[in-house]
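Below, each value reflects all heavy atoms present in this structure, side chains not excepted, and no hydrogens, waters or symmetry copies. The sequence lines fix the lettering, A, B, ..., with proteins before strands; numbering per chain opens at 1.
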Protein chains: 2
Amino acid sequence: MEAKEILKQHITQIITLTDEQFDHFYAHFKPHSFKKGQIVISEGERVEQEYFVISGCLKAFYVSDEVKTYILQFAMPTWWTSDYGALYNQTKATISIDCITDAEVLSLSNHDREKLCSELHPVEYFFRWRTNRGYLASQKRLLSFMNNDTKARYEELLSQYPQLYNLVPKHLIAAYLGVSRETLSRLYNTHR
Amino acid sequence: MEAKEILKQHITQIITLTDEQFDHFYAHFKPHSFKKGQIVISEGERVEQEYFVISGCLKAFYVSDEVKTYILQFAMPTWWTSDYGALYNQTKATISIDCITDAEVLSLSNHDREKLCSELHPVEYFFRWRTNRGYLASQKRLLSFMNNDTKARYEELLSQYPQLYNLVPKHLIAAYLGVSRETLSRLYNTHR
DNA sequence: GTGATTACGTGATGTAGATCACTTTCGATA
DNA sequence: TATCGAAAGTGATCTACATCACGTAATCAC
């Protein structure tokens with residue numbers, strides 16, 4: 001399916017737009033093809049765009065003390081990703097984003113999102129809905145962090161995204177779970 | 001200051017409404033006075049309202065296995081709180097909310113929020129902004145959880161909300177940090 | 001194909017924090 | 001003011017996970 005069609009399906013699950021409205025909306029997106037390993041946003045730089053994933057898998061991650069990497073999000077098709085803190089507050093990125101696999105994405109600038117939100121009330125509704133969804137997911141993950149041990153969180157992650165197991169190297173899954181790669185390795189080898 | 005005035009100031013930091021528009025907006029809120037210890041939302045029940053805090057302090061918490069309590073949010077004046085998962089999805093509450101101190105709040109029903117959002121475009125913008133802010137805060141807390149040890153998170157919390165130290169019992173601060181009360185106690189007694 | 005880089009497994013050891021058990025202090029109410 | 005329940009401090013012990021160190025397999029680069 002085409003990028004335009006994928007975005008349209010995604011949007012119209014939530015709001016209704018006429019064909020002209022959607023064309024106008026879509027005109028603000030720019031398609032990009034990224035190669036595996038390519039950097040989309042890098043820490044310390046300006047952030048002007050957010051990204052809607054058409055195909056492939058990206059990761060949004062934070063690097064502390066230039067050493068430890070924590071993955072905030074694996075961005076799969078129909079997911080949105082960016083450093084939203086930097087994007088909204090017009091500050092330098094503290095989060096980096098790169099491609100785990102080759103990927104097709106659509107970019108939308110902060111300016112254009114706000115413009116579209118004020119032009120088309122349903123679009124504003126859509127983005128409110130989307131942000132709310134992200135908020136709830138983040139809160140759920142926070143709770144899981146406090147409440148569950150590593151093994152439970154690992155199984156939770158894989159049951160939600162079974163593709164990840166073959167798609168991304170194990171040390172990245174460890175970085176998402178917030179444990180060392182050694183601990184994760186022992187988890188599924190020791191524990192049967 | 002009056003509740004209406006506090007809400008107005010809060011809202012108009014983000015959006016502009018005429019006096020009539022704000023009056024219309026405000027007409028959907030209902031004032032409540034709660035006593036210390038009083039329950040606002042309890043797990044397992046329907047959730048119809050969200051709450052805007054005028055004075056006092058509430059806590060939103062999750063109880064796992066009827067035993068361990070994890071605090072998701074201390075809701076201070078001008079903060080919004082509810083079980084948003086249950087509120088948006090019309091499901092039973094998994095999160096409870098009660099009052100740490102006597103409190104004045106304004107309630108707004110899910111239905112009325114959505115009505116106001118569709119009637120007044122700026123109100124939709126406001127709630128998108130607010131949700132976005134919550135999302136960023138939640139993400140920041142998640143990162144802090146993965147990256148910092150308990151002592152650092154404790155100091156981070158107190159530097160952000162110094163009032164909490166005298167306002168809420170220590171075991172609740174421990175429940176927010178996700179550690180046992182014993183560990184928290186040793187933290188500031190052993191470590192100077 | 002060869003060498004280098006990256007992924008992954010696994011043992012040994014150290015440590016932050018949980019848990020249990022008990023004591024002390026505080027604050028509300030009779 | 002005395003009493004009782006909740007909050008808070010503290011010691012002993014246990015455990016999940018980090019860290020370090022090393023080895024092997026897989027993948028990439030030329």
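- For B:Ala175, the side chain to side chain contact (heavy atoms under 4.5 Å, CB included) criterion is met by B:Ile71, not counting sequence neighbours.
- Judged by distance alone, with hydrogens and angles left aside, the side-chain atoms of B:Asn132 form no donor-acceptor pair with the main-chain N or O of B:Arg128 at under 3.5 Å.
- Taking for each of B:Leu184 and A:Pro169 the nucleotide of DNA chain C with the nearest heavy atom, the 5'-most of the two is the partner of A:Pro169.
- The interatomic distance linking A:Leu187 (CG) with C:dT10 (P) rounds to 13 Å, in whole Å.
- Across all strands shown, A:Gly178 has heavy atoms under 4.0 Å from sugar-phosphate atoms exclusively, and none from any base.
- For the pair A:Arg133 and B:Tyr135, the cation-pi criterion (under 6.0 Å, within 45° of the ring axis) is not fulfilled.
- Residues satisfying the salt bridge (Lys or Arg N to Asp or Glu O under 4.0 Å) criterion with A:Glu155, sequence neighbours excluded, are A:Lys151.
- Of all heavy-atom pairs between A:His24 and A:His28, the closest is O-ND1, 2.8 Å.
- The B:His171 side chain lies nearest to D:dA7 when the options are C:dC22, D:dA7, C:dC8.
- Per the geometry, NZ belonging to B:Lys151 stands 16 Å off C1' belonging to C:dT15, to the nearest Å.
- Between the C1' atom of C:dT5 and the NZ atom of A:Lys36 lies a distance of 13 Å, rounded to the nearest Å.
- The phosphate of D:dG9 (OP1 or OP2) has a side-chain N or O of B:Tyr188 nearer than 4.0 angstrom.
- Close to C:dG17, at under 4.0 Å from its OP1 or OP2, lies no side-chain N or O of B:Thr183.
- Nucleotide C:dA7 holds its P atom 16 Å from the CG atom of A:Asn166, rounded to whole Å.
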Restricting to nitrogen or oxygen on both sides, can you table the protein-nucleotides 11-16 of chain D pairs closer than 3.5 Å?
| from | atom 1 | to | atom 2 | distance (Å) |
| --- | --- | --- | --- | --- |
| D:dG11 | N7 | B:Arg186 | NH1 | 2.9 |
| D:dG11 | O6 | B:Arg186 | NH2 | 3.3 |
| D:dA12 | N6 | B:Arg186 | NH2 | 3.4 |

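- B:Ile100 has its CD1 atom 12 Å from the P atom of D:dA7, to the nearest Å.
- Heavy-atom minimum distance, B:Leu87 versus B:Val47: CD1-O, 3.6 Å.
- Checking D:dT19, D:dA18, C:dT19 against every side-chain atom of A:Val179, the shortest atom distance belongs to D:dA18.
- One interatomic measurement links the two molecules: CZ of A:Arg153 to C1' of D:dC17, which rounds to 11 Å at whole-angstrom precision.
- For the pair A:Lys4 and A:Phe22, the NZ or CZ position fails the cation-pi test of under 6.0 Å to the six-membered ring centre and within 45 degrees of the ring normal.
- Between the C1' atom of D:dC17 and the CG atom of A:Asn148 lies a distance of 16 Å, rounded to the nearest Å.
- For A:Arg181, whose side chain is taken as the heavy atoms from C-beta onward, the closest listed nucleotide among D:dT19, D:dT10, C:dC8 is C:dC8.
- Regarding A:Lys35, its NZ atom lies at a distance of 16 Å from the C1' atom of D:dC28, rounded to whole Å.
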